[in-house]
Amino acid sequence: MTVTHSGQRRTPKAAKTSSVFKKVVMAVSGIILVLYLVAHMVGNLKLFAGAETFNGYSEWIRRIGEPAVPGQTVLWIIRLVLLVAVAAHIWAAISLWRQAKRARPQQYVARKQVAQSYASRTMRWGGVILGLFIVYHILDLTLGVANPAGHDATPYDRAIAGFSNPFVTLVYVVALLALGFHLRHGVWSATQTLGQSNKTRERTVNAFATVFAVVLTAGFLIPPLSVLVGIIE
Amino acid sequence: MNLKLRVWRQRSAAEKGKMVTYQVADVSPDMSFLEMLDVLNEQLILDGEDPVSFDHDCREGICGSCGVMINGRAHGNGLFDSHPQTATCQLHMRSFKDGDTIDVEPWRATAFPLIKDLAVDRSALDRIIQAGGYISAPTGTAPEAHSILVAKKDSDAAFDAATCIGCGACVAACPNASSMLFTSSKVVHLGLMPQGQPERDDRVVNMIHQQDLEGFGGCTNIGECSASCPKGISMENISRLNHDLLGALRAGARPKS
Ligand code: HEM
Ligand code: SF4
Ligand code: FES
């Protein structure tokens, strides 16, 4: 029998590291990242508004909160939260991945899956693709070191220079499709993990997950593809 | 009908196993899958060979003893559109065609160590139940059944969850070898009942703790479990378990170690 004391503060290790707790870490960090992605996607669409607006928007991000707080404070808080979220997400993912590997060391000779979707099957390797992409993306458009226009160009010029190259755009397309699949299953899985699904809601949750994943992916894909075909120059 | 069986043969956990091919002749379409294995075993005994070990008891789909992977599906569920989800003992040979090749394998999971051939040790599921799948009630005269009212929708959902027979197909089918569907059905069927409330928080925390200790994988909500379950236990139970667990942790419940 467990003795529970209200207000008990210290948690034994086991509770903190239970498989469900890790899933909750994954869900919460995933949601933080998704919220950021929504804002990021909308921001990217400003490429259509021209160089001045887009560069101004980029400037504004650096100035949020001024003059109450020094320049870039809010930006760095956002970056820190994202970094912690990504780290927590990857920690939980790897830990559960290893647990699953340990749970079935010997595979079946014959195996047939009927329920799993492409999205659910590719969460782990798709996640690895996303992780690598995030690194490349930061080197490309944030730091500019992997960008043809380089670090000193304006954000708008960097985007145009990058996406004019079909290979760069291809990398983005692959990564964003991976993101779409990741979110298709992730949104549904997070709803389950946080205990918010049931038989009646199940269809709605799944439909929402699909629509959300498609809209977000499309929203991200439009600017790079528009640059590639010359709609944005 | 005549069938070609490829059966996993392994004398003990310590030895290596392999798929062995057998021809089984004159199988009646009315036989259950287990009766077909009986026919194979009689033939093996007559030939002076070791019969194939497999678990079974009631042979009417209620005890949860039987269960093998049939052509890569737990209990063969999901292979036949016409056939409802059942336990292996309720799968009949009329679902197959003359001349079929059928692969038969044991449940594979670290938490289910192999005993012999198709028989595995599923006592890990019992230990998960021991960790919290019970209620404490005073003994003595049974109270009047109507003295505690239960909402119809709760009693229906609790009953649906309680139909789990503990066969382990969910674990066998899960890509992560997670027992989440099993554990959730146990957590939910008691958690929806007034009698299950006193231990509700401890139950979920301790059962999940035990599940992890037994070496099962974590759930990633893929749904192979529910598609393989002879009782069609719904994924909503997993969501309910998660909800209970979050509530219990917030309320300060911790697993006994
Ligand atoms: C860095 C690489 C990443 C890895 C290795 C990774 C891996 C995973 C894994 C293994 C899961 C659990 C899958 C499941 O439940 O079936 C997951 C869930 C999820 N991921 Fe990621 N992921 C990564 C990046 C991202 C990013 C960038 C986002 C944000 C858009 C994201 C959002 C989510 C969400 C919302 C979930 C659902 C949480 C849950 O399952 O409860 N992930 N991720
Ligand atoms: S949930 Fe279904 S598949 Fe899993 S043990 Fe119970 S009856 Fe078997
Ligand atoms: S032998 Fe009892 S369920 Fe199959």
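Since the model is a prediction, treat every value here as computed from it, not as a measurement. Each chain gets a letter, A, B and so on, in the order its sequence line appears, and its residues count up from 1.
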Requested in this report: May I ask you to decide whether B:Asp212 forms a salt bridge with A:Lys22, counting only side-chain N to carboxylate O separations under 4.0 Å?
Outcome: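 Answer for the salt bridge query: no.
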When [options] are compared by non-hydrogen pairs under 4.5 Å with chain B, the top option:
| options | answer |
| --- | --- |
| A:Gln116, A:Glu202, A:Lys101, A:Lys199 | A:Lys199 |
| A:Ala119, A:Ser19, A:Pro105 | A:Ser19 |
| A:Val20, A:Val109, A:Leu194 | A:Val109 |
| A:Arg98, A:Gln106, A:Arg121 | A:Gln106 |

Would you say [X] and [Y] make side-chain contact, with heavy atoms under 4.5 Å?
| X | Y | answer |
| --- | --- | --- |
| A:Met123 | B:Thr220 | no |
| A:Arg201 | B:Glu236 | no |
| B:Asn71 | A:Lys112 | no |
| A:Lys23 | B:Asn221 | yes |

Might you point out which heavy atoms bring [X] and [Y] nearest each other, and give the distance in Å?
| X | Y | value |
| --- | --- | --- |
| B:Ala173 | A:Gln113 | O-OE1, 4.2 Å |
| A:Trp188 | B:Met235 | CZ2-CE, 3.9 Å |
| B:Gly223 | A:Ala115 | O-CB, 3.3 Å |
| B:Pro106 | A:Tyr108 | O-CE2, 3.3 Å |

Per-residue contact mode, [X] against chain B (heavy atom under 4.5 angstrom):
| X | value |
| --- | --- |
| A:Arg102 | backbone |
| A:Leu96 | side chain |
| A:Gln192 | both |
| A:Gln196 | both |

Requested in this report: With a 4.5 angstrom heavy-atom cut-off, could you sort out which part of B:Ala157 is near chain A: side chain, backbone, both or neither?
Outcome: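 Contact with chain A: none, neither part.
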Query raised in the report: Where the side chain of A:Arg104 meets the backbone of B:Val171, is there a donor-acceptor pair that is under 3.5 Å apart?
Result: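 The answer is yes, because a donor-acceptor pair under 3.5 Å joins these two groups.
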**Report entry** Best-contacting candidate, B:Gly217, B:Gly218, B:Ser239, against chain A by heavy atom pairs under 4.5 angstrom
**Finding:** B:Ser239
